Amino acid sequence: MPWPSRVAALLDCLAGVDAMVRPKTVENENRQLVAKPMRSPIVERPTQHDLAEALHLGHATVERAVAELRREGALVRFRKGERTNRVYEIADRDILQQIARGG
């Protein structure tokens with residue numbers, strides 16, 4: 001199994017069916033900031049080092065796999081200043097599962 005598919009499979013498993021859904025601050029039609037639940041499942045807490053250990057891969061390999069998953073649209077690409085350590089927001093679960101299956 002190529003390394004992006006192994007990382008995708010682990011993140012999909014960690015997201016589970018009861019994935020954490022966090023609120024996101026957005027502007028409403030009156031330009032007021034309101035909290036709105038995010039629809040994307042989020043995997044929080046594991047570091048890339050934790051993922052590497054779980055999959056018996058090198059840290060750099062996991063880092064490249066996460067970058068590839070972001071490029072493919074499976075994970076959210078954060079804008080400059082938004083990125084948070086240990087947070088993997090799933091942008092498209094279907095793409096993530098397809099990659100996990102080796103597709």
Side-chain angles (χ1 to χ4, degrees):
M1 180 185 289
W3 40 267
S5 61
R6 292 174 66 185
V7 174
L10 180 58
L11 290 174
D12 184 50
C13 180
L14 291 173
V17 290
D18 297 325
M20 172 187 271
V21 177
R22 295 192 310 189
K24 181 177 185 176
T25 304
V26 296
E27 280 189 8
N28 66 9
E29 62 277 354
N30 298 326
R31 300 188 58 96
Q32 297 171 322
L33 294 178
V34 295
K36 182 177 180 181
M38 295 173 74
R39 297 179 192 263
S40 304
I42 297 173
V43 176
E44 287 193 301
R45 297 231 179 4
T47 63
Q48 289 183 357
H49 179 76
D50 294 335
L51 298 175
E53 279 190 2
L55 297 170
H56 301 285
L57 297 172
H59 181 269
T61 301
V62 170
E63 190 173 330
R64 285 191 303 271
V66 169
E68 177 70 19
L69 293 173
R70 291 189 197 287
R71 275 192 301 277
E72 293 291 328
L75 297 179
V76 169
R77 295 176 99 173
F78 293 102
R79 286 180 264 162
K80 191 172 184 172
E82 278 187 332
R83 190 164 185 173
T84 316
N85 290 336
R86 303 183 215 184
V87 175
Y88 309 92
E89 182 179 346
I90 298 170
D92 190 320
R93 191 93 184 248
D94 292 333
I95 292 173
L96 185 70
Q97 290 173 343
Q98 181 181 359
I99 293 170
R101 289 189 301 269

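All values derive from a computational prediction rather than experimental measurement.
Looking only at distances, no side-chain donor or acceptor of Y88 sits under 3.5 Å from a matching main-chain atom of V66. Proximity of a side-chain donor or acceptor of R70 to a complementary backbone N or O of V76 within less than 3.5 Å is detected. Listed for the N28 side chain is a donor-acceptor partner under 3.5 Å among the backbone atoms of N30.
When all heavy atoms of R64 and W3 are compared, the pair lying nearest together is C-CZ3, 3.7 Å. Among all heavy-atom pairs drawn from V87 and F78, the shortest one is O-CE1, 4.1 Å. Between V62 and Q48, the closest heavy-atom pair is CG1-O, 3.8 Å. Here the shortest heavy-atom pairing between A91 and G73 reads CB-O, 3.4 Å. Between D12 and R93, the shortest heavy-atom contact is OD1-NE, 2.5 Å. Considering all non-hydrogen atoms of both residues, A65 and P4 come closest at CB-CA, 3.9 Å.
Taken to the nearest 0.5 Å, the CG atom of L96 stands 10.5 Å off from the OG atom of S5. Distance check: R6 CZ to L57 CG gives 4.0 Å after rounding to the nearest 0.5 Å. The distance from atom CG of D92 to atom CD of Q97, rounded to the nearest 0.5 Å, is 9.0 Å.
Of the options L69, L75, I42, a side chain to side chain contact (heavy atoms under 4.5 Å, CB included) to I90 is made by L75 and by none of the others.
Contacts of R101 classified as side-chain hydrogen bond (donor to acceptor under 3.5 Å, both in side chains), with partners at least two apart in sequence or in another chain: none. Annotation: side-chain hydrogen bond (donor to acceptor under 3.5 Å, both in side chains) contacts of E29 (sequence neighbours excluded): none. Annotation: side-chain hydrogen bond (donor to acceptor under 3.5 Å, both in side chains) contacts of E53 (sequence neighbours excluded): H49.
L14 is listed as a side-chain neighbour of L51, based on a closest heavy-atom distance under 4.5 Å.
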